[in-house]
Amino acid sequence: MTFSKEKQKLILLFIVMCLIIFIKCVAFNWLYFHSILVSSLFTEPLEFIKFYTNKLLPGLLISSFLFVWKRKGWSVIIQFIIDLWIIANLVYYRANGLLLDMSAILMTTNLKGFGSSILAYLHFSYLLFPFLSIIYLYCYKKWNNKFTCIPFFLFILLISVLYHCLFLCGHQYKSFQSQREAIKFDIKADRKEVMDIYGRTGLRVFVPFHEVALFARPGFSICPSYAEEYTRSHSIIHLFPAMIVYYINLEKESEAVVSDSEVAPFFADVNQVPVPNCNLILVLVESLESWPLENEELSRIVCPNLMALRSEHSAYFSKVRSMAKHGVSGDGQMMLLSGMLPIFSGAACILYGNNEWPGIPHLYQNSLLVDSANGIWNQHQMTGKYGFCSYDESDQGYNDEELFSHLSSAIDTISSPYCLLTITGATHSPFNHVPDSGLMLPKGMPQYLHDYLVCLNYTDKCIGTLLEKYKTDPKMSDAAIVITGDHNVFKPSLWREFSSWDRAKEYQLPSEESFCPLIICSKHIEQQACEDIVYQMDLFPTVLSLIGCKDYFWKGFGVDLLDKESRQSRPISVDEAIDLSDRMIRSNYFQHFSN
């Protein structure tokens, strides 16, 4: 059987396009998951076949359309669109440790003033993807013609359908049948029951988008790795249409049902609003991580003022696990002030800004938020919803020095009882907001790490002005100061990049996970330090305890970290709290308590 030159060129172009898309899918898996299952060829050959066939099929299906359309320029555009999608996910992963979803894409307008942060998370390895597209462009120009071959298209389509619907689905059915007597697997069952079954058995359905109906149920999203597992099993290209299906199928607010019995343990049975026993100053430091404070050498050089706060009447918690998700800094502020947790998809402060919210500032007659970022994360609306009386911002935004100057002025003029919150900005990536102060850091330190510490040192000096005022100003004698981070910034992928320098210098940096610190200063507490892993959902009940307002109607999902016994007996798991909080936010549960 011989082919004409036109048909040969078309087949060659098809093979190149399919192969390049396949390489891109595998390369993404390597850069994101650091695994391409090579060893499984001998240990688990079926898994090996499924893994690589699922990376091959997107290329086969997309490339097959070369046989249908005479004008084939679309194929070049598709290659670069795939590059954009892959690189966007890799950048988002390095920044937030998550895959992109529709809500994250729709929130791009919130990057106002922070677009340069994206550039900080680009990596030279990402050049591989446009390079492969350029190779395809060369082949396209060399072999492009207007020849079509519908039978080839139908044949490839048939092979793909048979593979998905017979081989993989058949294997899945067999796996399911072997366990049907022990486990009832009902897609329409209660979300928590199905989630437990999924997590317990590890069942996977490999037909594209078959899982998406489950993926679209918030109860399933309790597993933080669900979208990642879907992408790992299929491909990064599968994720794009799956994300759209997920967004369309996502439960509506009317379906986000919360029963009073579910949330009863988290509400106090009181009729009066408690009165705080002290003034409160909250400092939410952008991207504050614990490891610079934990290393004796670094802490002495970079953050001496934060260390000085750990004095006689202080509590220090070194391992607060960040729970921020797509809302990032907005999520951090929400957890501190209201005790509510990030929603499964998107930023609650933007999507649900009209909701009624509980909030610590509601307890104070006088309250003020001093903000550095000029309204980011729907701050103009959420400030009032959290209970603040007023909001101090600049059209150009405050640097941290100006921020603490305004905070100091507010302390001088505001009447007791007062609650003040300030949110710093210097340590926001890409860490180019302050000039290099000549900080004596170890030689050879990765530039990104170096720049973060320079910015942290600048913020620490600004916090030092608050510390001096705390020591000398009588108006602060009865104030409690709470300092914590809104989220951490160095994700596992970055720590792996720093590991070679870390080993060479024998420097003690986190290997995989980093934490936010929590520092509390008050004359009403005794000095203590805790190295237990705690959570951001614990911040709200801890602050309520600090100011003597445990009887506030909403107690939050966490525990009082100032109570050692409380830390050991959580009333609810983290996953259950996330699920319940998500439904409470989406159903606007607190509207029942508004006056």
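This chain uses plain numbering: 1 for the first residue, then up along the sequence.
For Lys325 (side chain) and Phe344 (main-chain N/O), a donor-acceptor pair under 3.5 Å exists by modelled atom type. Side chain of Asn457 to backbone of Leu439: no donor-acceptor contact under 3.5 angstrom is found. Between the side chain of Asp473 and the backbone N or O of Lys475, at least one donor-acceptor pair lies under 3.5 Å. The main-chain N or O of Trp357 is never found under 3.5 Å from a side-chain atom of Asn355 such that the two would form a donor-acceptor pair.
In this structure, a donor-acceptor pair under 3.5 Å is absent between the side chains of Tyr364 and Asn279. Side-chain contact, His524 with Asp478: a donor N or O sits under 3.5 Å from an acceptor N or O. Checking Thr424 against Glu286 by side-chain atom types alone, no donor-acceptor pair falls below 3.5 Å. A donor-acceptor contact closer than 3.5 angstrom is absent between the side chains of Ser405 and Glu402. Between the side chains of Trp377 and Gln379, not a single donor N or O lies within less than 3.5 Å of an accepting N or O. Judged purely by distance below 3.5 Å, without hydrogens or angles, the side chains of Asn354 and Gln381 pair a donor atom with an acceptor atom. Tyr352 and Asn378 form no side-chain donor-acceptor contact under 3.5 Å, judged by distance and modelled atom types alone. Checking Ser329 against His487 by side-chain atom types alone, a donor-acceptor pair falls below 3.5 Å.
Note: Ser318 OG to Tyr316 OH = 5.0 Å, rounded to the nearest 0.5 Å. Rounding to the nearest 0.5 Å gives a distance of 9.5 Å between CG of Asp582 and CG of Leu341. With rounding to the nearest 0.5 angstrom, the CE atom of Met537 is 7.5 Å from the CD1 atom of Ile572.
Counting only heavy atoms from C-beta outward, the side chains of Leu309 and Leu467 approach each other to under 4.5 Å. With contacts defined as side-chain heavy-atom distances shorter than 4.5 Å, the pair His123/Leu90 does not qualify. Within the 4.5 Å cutoff, side-chain heavy atoms of Tyr535 are placed close to those of Val574.
For the pair Arg321 and Phe515, the NZ or CZ position fails the cation-pi test of under 6.0 Å to the six-membered ring centre and within 45 degrees of the ring normal.
Between Glu531 and Lys319, no side-chain nitrogen of the basic residue sits less than 4.0 Å from a carboxylate oxygen of the acidic one, so the salt-bridge criterion is not met. Using a 4.0 Å cut-off between charged nitrogen and carboxylate oxygen, Arg570 and Asp538 count as a salt-bridge pair. For Arg567 and Asp560, the salt-bridge test fails: no basic side-chain N is under 4.0 Å from an acidic carboxylate O.
With a 6.0 Å radius and a threshold of 12 heavy atoms from other residues, nucleotides or ligands, Asp412 has its CG atom above the threshold.
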